[in-house]
Amino acid sequence: MAEKLDDRQLTILNAVIRTYLETGEPVGSRTISKFDDLHLSSATIRNEMSDLEEMGYLVQPHTSAGRIPTDKAYRFYVDSLNSEYDKTKQIEAMNTLMIAKTNRMEEILKQVVRMLAANTNYTTMITSPSVKRNKVKFIQLSRLSSKQLLNVVVIDGNIVKNHIIDLDESITDEQVLKLNLLLNTRLNGLSLAEINLGLISNLKEEAGDHSNIVSAVLDTIAEVIRLETDENMEIYTSGANNIFRYPELADSQRASQLISALEDKQGLVDLVKSYHEDGDDDNEIQVYIGEETPIESMKDCSVVTASYDLGDGMQGTIGIIGPKRMDYEKVMDNLKIFKKSLSTAFQKDRDADEDV
């Protein structure tokens with residue numbers, strides 16, 4: 001994207017985005033010409049804004065109105081942010097507040113979303129941490145008929161999932177015994193994250209003509225672990241009323257849809273899943289702008305999510321929901337602070353427990 005814009009266009013686009021983030025009103029060339037660092041006439045700026053509109057970065061809602069950024073412009077802005085500032089003092093202050101004489105996970109998480117909502121003036125959410133290290137305990141394939149198997153998968157906590165596998169060809173008791181031996185030898189004691197593509201490929205190769213059975217067993221393992229994670233996940237939200245601060249979200253229909261979405265646990269769980277599926281690194285920040293947002297009722301919003309890590313395999317997700325003209329820099333900075341604060345606070349708790 002950046003290679004299509006020259007320095008002047010970059011400066012003007014940045015000025016339009018920042019102005020619109022602050023005001024929520026279409027931005028005209030005369031407004032931009034007042035920026036001290038531009039030294040350009042209104043006519044020159046108007047021509048550049050017209051070019052930016054043709055390139056898909058700006059849109060003019062009405063003939064006589066100024067321009068507003070498109071989703072493409074917001075994406076460009078977010079991707080170009082460099083928010084690596086020194087936040088040491090803020091983090092230390094946040095840490096002190098976060099551990100405010102409570103050792104209850106629920107209270108700390110509720111405190112986090114309240115503080116995030118107050119700091120950003122947007123709507124916030126946080127999930128309870130889930131254990132990412134549920135391990136396979138036992139696999140049992142039993143022959144129901146020559147072309148049908150009962151697949152039983154047990155994971156830590158004695159959580160059991162049964163699944164019937166229909167076969168295209170007959171299978172003998174001896175073949176079932178060999179498959180049980182292969183699967184238990186190679187998979188027992190592994191978490192879902194440890195069952196990588198190389199291991200799957202080797203398993204299928206060793207299973208030979210019965211590689212489809214290996215695939216079915218792996219699907220069952222993934223399903224039972226993910227279902228267990230979803231069912232035990234709690235989601236806390238705060239700042240729903242902040243929606244009404246922004247005219248583009250505050251009309252009764254949009255606001256009602258957004259509030260309903262915040263009350264729909266499964267929808268928020270799906271949003272969290274999208275974050276983990278889209279992210280190359282569980283610790284990175286993901287930004288969904290407009291149509292990129294996986295929840296239909298949030299298509300007029302931007303959603304910024306990040307994971308937090310408490311150690312020992314305990315991870316959760318923080319999210320901030322606001323208008324597409326949200327202050328992305330401030331939001332991303334806040335997420336970085338709270339991610340680090342949570343990790344630090346619980347590390348202090350663990351260290352204190354070990355000293356007792």
Side-chain angles (χ1 to χ4, degrees), residues 1 17 20-21 24 26 56-61 68-79 81 109 113 116-117 120-128 130 222-223 226-227 229-280 282 284-308 315-328 330-332 334-335:
M1 235 184 285
I17 293 173
Y20 186 70
L21 292 178
Y57 290 99
L58 300 177
V59 65
Q60 192 171 26
I68 64 175
T70 62
D71 289 4
K72 181 178 180 180
Y74 287 127
R75 170 52 57 197
F76 171 80
Y77 177 67
V78 168
D79 289 346
L81 277 178
L109 296 181
V113 285
L116 266 177
T120 63
N121 290 324
Y122 301 127
T123 303
T124 57
M125 58 163 279
I126 192 167
T127 71
S128 59
S130 57
E223 181 183 357
R226 285 170 182 153
L227 278 175
T229 299
D230 291 354
E231 288 174 2
N232 291 328
M233 182 185 293
E234 294 292 338
I235 298 180
Y236 308 103
T237 61
S238 185
N241 288 338
N242 285 338
I243 290 169
F244 297 102
R245 292 174 177 266
Y246 307 99
E248 60 267 48
L249 303 179
D251 70 76
S252 57
Q253 183 177 358
R254 281 199 181 99
S256 176
Q257 288 176 343
L258 281 173
I259 290 172
S260 295
L262 292 169
E263 294 173 348
D264 177 15
K265 176 184 173 181
Q266 188 54 52
L268 295 178
V269 168
D270 291 342
L271 174 62
V272 173
K273 284 183 178 178
S274 295
Y275 162 72
H276 289 291
E277 289 170 1
D278 293 345
D280 295 327
D282 276 348
E284 73 175 347
I285 292 175
Q286 290 285 334
V287 181
Y288 302 95
I289 299 170
E291 293 296 324
E292 298 172 353
T293 307
I295 298 179
E296 184 62 34
S297 58
M298 294 184 182
K299 295 299 184 183
D300 292 321
C301 303
S302 284
V303 180
V304 186
T305 56
S307 70
Y308 65 87
Q315 295 181 351
T317 301
I318 316 174
I320 298 179
I321 303 157
K324 289 188 283 189
R325 63 182 177 95
M326 71 161 54
D327 188 337
Y328 293 96
K330 181 179 181 180
V331 165
M332 293 166 79
N334 268 273
L335 282 176

Contacts of type side-chain hydrogen bond (donor to acceptor under 3.5 Å, both in side chains), residue [X], not counting sequence neighbours:
X	value
Ser302	Tyr328
Arg325	Glu248
Asn241	none

*Go through the steps for Tyr288 and Ile321 under the test side chain to side chain contact (heavy atoms under 4.5 Å, CB included), then give the verdict.*
CA-CA 10 Å; Tyr288 302 95; Ile321 303 157; over 6 Å; no
With side chains defined as the heavy atoms from C-beta onward, is the minimum distance between [X] and [Y] less than 4.5 Å?
X	Y	answer
Thr237	Leu268	yes
Leu109	Ser128	yes
Val287	Arg75	yes
Val303	Thr305	yes

Atom [atom1] in [X], atom [atom2] in [Y]: separation rounded to 0.5 Å?
X	Y	atom1	atom2	value
Ile318	Ile285	CD1	CD1	9.0 Å
Arg245	Thr123	CZ	OG1	10.0 Å
Leu258	Gln253	CG	CD	10.5 Å

Kindly give the heavy-atom pair with the smallest separation between [X] and [Y], and that separation in Å.
X	Y	value
Leu249	Cys301	CD2-SG, 3.9 Å
Asp71	Ile289	OD2-O, 3.8 Å
Leu335	Ala306	CD1-CB, 4.3 Å
Pro26	Pro61	CG-CG, 4.0 Å

*asked:* Keeping Thr127 on the side-chain end and Thr317 on the backbone end, is there a donor-acceptor pair under 3.5 Å?
replied: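 Yes.
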Applying side-chain contact (heavy atoms from CB on, under 4.5 Å), name anything that partners [X], two or more places apart in sequence or on another chain.
X	value
Ala255	Ile243, Phe244
Glu296	Lys299
Ala240	Leu262
Ser297	Gln257, Ala261, Ile295

*Sole residue of Val113, Ile320, Leu116 in side-chain contact (heavy atoms from CB on, under 4.5 Å) with Ile126*: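 That would be Val113; it is the only one of Val113, Ile320, Leu116 passing the side-chain contact (heavy atoms from CB on, under 4.5 Å) with Ile126.
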*Verdict with supporting geometry, Thr70 and Lys324, side chain to side chain contact (heavy atoms under 4.5 Å, CB included)*: CA-CA 9 Å; Thr70 62; Lys324 289 188 283 189; over 6 Å; no
_Those residues that, when tested against Asp300, pass salt bridge (Lys or Arg N to Asp or Glu O under 4.0 Å) (two or more places apart)_ =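 Applying salt bridge (Lys or Arg N to Asp or Glu O under 4.0 Å) to Asp300 gives Arg254.
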*Got a sec, which residues hit ring-ring contact (aromatic ring centres under 6.0 Å, His included) with Tyr246, two or more places apart in sequence or on another chain?*
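Tyr246: ring-ring contact (aromatic ring centres under 6.0 Å, His included) contacts with Tyr122.
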